[in-house]
Amino acid sequence: MFRSDTIAAVATPMSSAGIGIIRVSGEEAVSVVEQIFCPAKKGKKLSEQDTYTIHYGTIVDGEKVLDEVIVLLMRGPHSYTAEDTVEIDCHGGVYVMNQILQLVIQKGARVADPGEFTKRAFLNGRIDLSQAEAVIDVIHAQNDYALKSSIGQLKGSVLRLIREIREEILYEIAYIESALDDPEHISLDGYAEKLRIKTKELILNMEQLLKESQQGKILREGIRTAIIGKPNAGKSSLLNALMGEERAIVTEIEGTTRDTLEEQIRLRGLTLQMIDTAGIRKTVDRIEQLGVERAKQVMEEADLVLYVVDASCPLDENDKEIIALLQDKNVIVLLNKTDLTEVTSKEQMRELMDKPVVSVSAKEERGIDQLADKIEHMFLIGEVSWNDEVFLTNIRHKTSMEHAKISLQKVLESIALGMPEDFFSIDLMDAYEELGKIVGESVEEDLVNKIFQKFCMGK
């Protein structure tokens, strides 16, 4: 149940810093802070001040001054929570922030639950549930594109999209119900065919959104990138070159890497979750076999595969096995060790694989810019491109969309079987409610609580 009491929390990290913020929200927010705030200008009561004003003074506990502060006053409904909100900007020491927070609690507020400020914004109707979830996505955005997508969702891009689909479904539900209630004036003759066309159109739109949700996942989490190749092809050297540090062990001994090594890098505004893997080859060493199996699993699950080929050696049976596994993947072939005499050429690789090929020398860190160009083209311009379209980056949103699509497919089945119109209405309503879960218009309290538990205390 919605609690309308006054809540408070430290809204900045609990560490020594220049500034700390204590956020207070609720019906008594202004009066609570007024009891402990001593304005520099005498006789200036906080409760008598206009909204969106800033006031300088001190926080006092009786005669004791705790800190010199600035107080921001924001009256509801035009605040983050849509309630009266006061923020105390104090010095960022852990001790002083705790002292002020404890004083606020003594005067009538309580400590906020995780995410409760944003939860109140949702419950008070200032934002929908998809926008609330976008808040935490903005906080955790790891690259420019994830941030852009999250900001778009925060501005209501998902809300507008879902509302449009729900309105179309609701129109059909209303038409069926009206026709069943008043058959003399509203005819259902030929309606099943019209509904079939409309439903197929909605399903196609949903399928496109679900297909693009994989790109949304990449936006949010980064490009899961597997570095694959034979032993001693230079995979670990490539990871070190991309990282700009000696992160992986590099030796002339084949099979040095036995397990996966994961690191995150930023490249041209994208986030790459780099995974260095064991060299793929036939071996009787049981431990190495496990490493090879794990490398193949990582390759199967990756969004992008960097296939490292030792250009100073001829291709062999191990290369042929790898090439066969990579035909249907997003792959960039890296001809490594081009600082040595080249035995394997770009032309040979292009004959075997219809994939982009880049000449590099991980040892001399040459060709990295060309590799970055290929990745940028593949994920920002070419095959896996994204633009200003709406992406479902949240697994909960994707699941609800899939359930809604299934309900609409049942409508098509009922039409094909010649079922009565009230059967259509039932499945249409199921789809309508599933989509409502995305924006929080038909969602259970337990789910709402679970979502906001992911937030920090001051948000």
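When reading the values below, keep in mind they use all heavy atoms of this one structure, side chains included, and skip hydrogens, waters and symmetry mates.
- The heavy-atom pair separating E177 from S425 by the smallest distance is OE2-OG, 2.8 Å.
- Residues passing the side chain to side chain contact (heavy atoms under 4.5 Å, CB included) test with S361, sequence neighbours excluded: T338, D339, K363, E364, R366.
- Salt bridge annotation for K296-E301: absent, with no cationic side-chain nitrogen under 4.0 angstrom from a carboxylate oxygen.
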| request: Apply the test side chain to side chain donor-acceptor pair (under 3.5 Å) to residues E402 and T399: give CA-CA distance (whole Å), side-chain angles for both, the deciding distance (0.1 Å), then the verdict. | output: CA-CA 5 Å; E402 287 173 338; T399 301; 4.7 Å; no
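- A side-chain donor from one of S47 and E34 sits under 3.5 Å from a side-chain acceptor of the other.
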| task | Under the side chain to side chain donor-acceptor pair (under 3.5 Å) rule, what do E168 and Y432 come out as? Steps first, then yes or no, please. | result | CA-CA 9 Å; E168 291 190 58; Y432 181 81; over 6 Å; no
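- When all heavy atoms of V111 and I105 are compared, the closest pair comes out as N-CD1, 3.6 Å.
- Under the side chain to side chain contact (heavy atoms under 4.5 Å, CB included) criterion, R75 pairs with V30, T51, L73, D84, not counting sequence neighbours.
- Rounding to the nearest 0.5 Å gives a distance of 6.0 Å between CG of L188 and OH of Y175.
- Partners of I368 according to the side chain to side chain contact (heavy atoms under 4.5 Å, CB included) rule, which considers only residues two or more places apart in sequence or in another chain, are L238, A241, L242.
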What side-chain donor-acceptor pairs closer than 3.5 Å can you find for residues 88-104, not counting sequence neighbours?
from	atom 1	to	atom 2	distance (Å)
H91	ND1	D67	OD1	2.7
H91	ND1	D67	OD2	3.4
N98	ND2	V94	O	3.4

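- Geometrically, R23 engages Y80 in a cation-pi contact, judged by NZ or CZ lying under 6.0 Å from the ring centre and within 45° of the ring axis.
- The 12-atom threshold is exceeded at OH of Y52, counting heavy atoms of other residues, nucleotides or ligands nearer than 6.0 Å.
- Legend: residues meeting ring-ring contact (aromatic ring centres under 6.0 Å, His included) with F37, ordered by chain and number and at least two apart, are absent.
- Here the shortest heavy-atom pairing between R120 and G26 reads NH1-CA, 4.1 Å.
- Among all heavy-atom pairs drawn from K355 and K329, the shortest one is NZ-O, 2.7 Å.
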| request: Decide yes or no on side chain to side chain donor-acceptor pair (under 3.5 Å) for T58 and E68, but give the supporting numbers first. | output: CA-CA 4 Å; T58 55; E68 184 180 29; over 6 Å; no
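- K44 NZ: more than 12 foreign heavy atoms inside a 6.0 Å radius.
- Applying the 6.0 Å contact sphere to CD of Q370 captures more than 12 heavy atoms from other residues, nucleotides or ligands.
- Residues passing the side chain to side chain contact (heavy atoms under 4.5 Å, CB included) test with S414 are M419, F423, F424, D427, sequence neighbours excluded.
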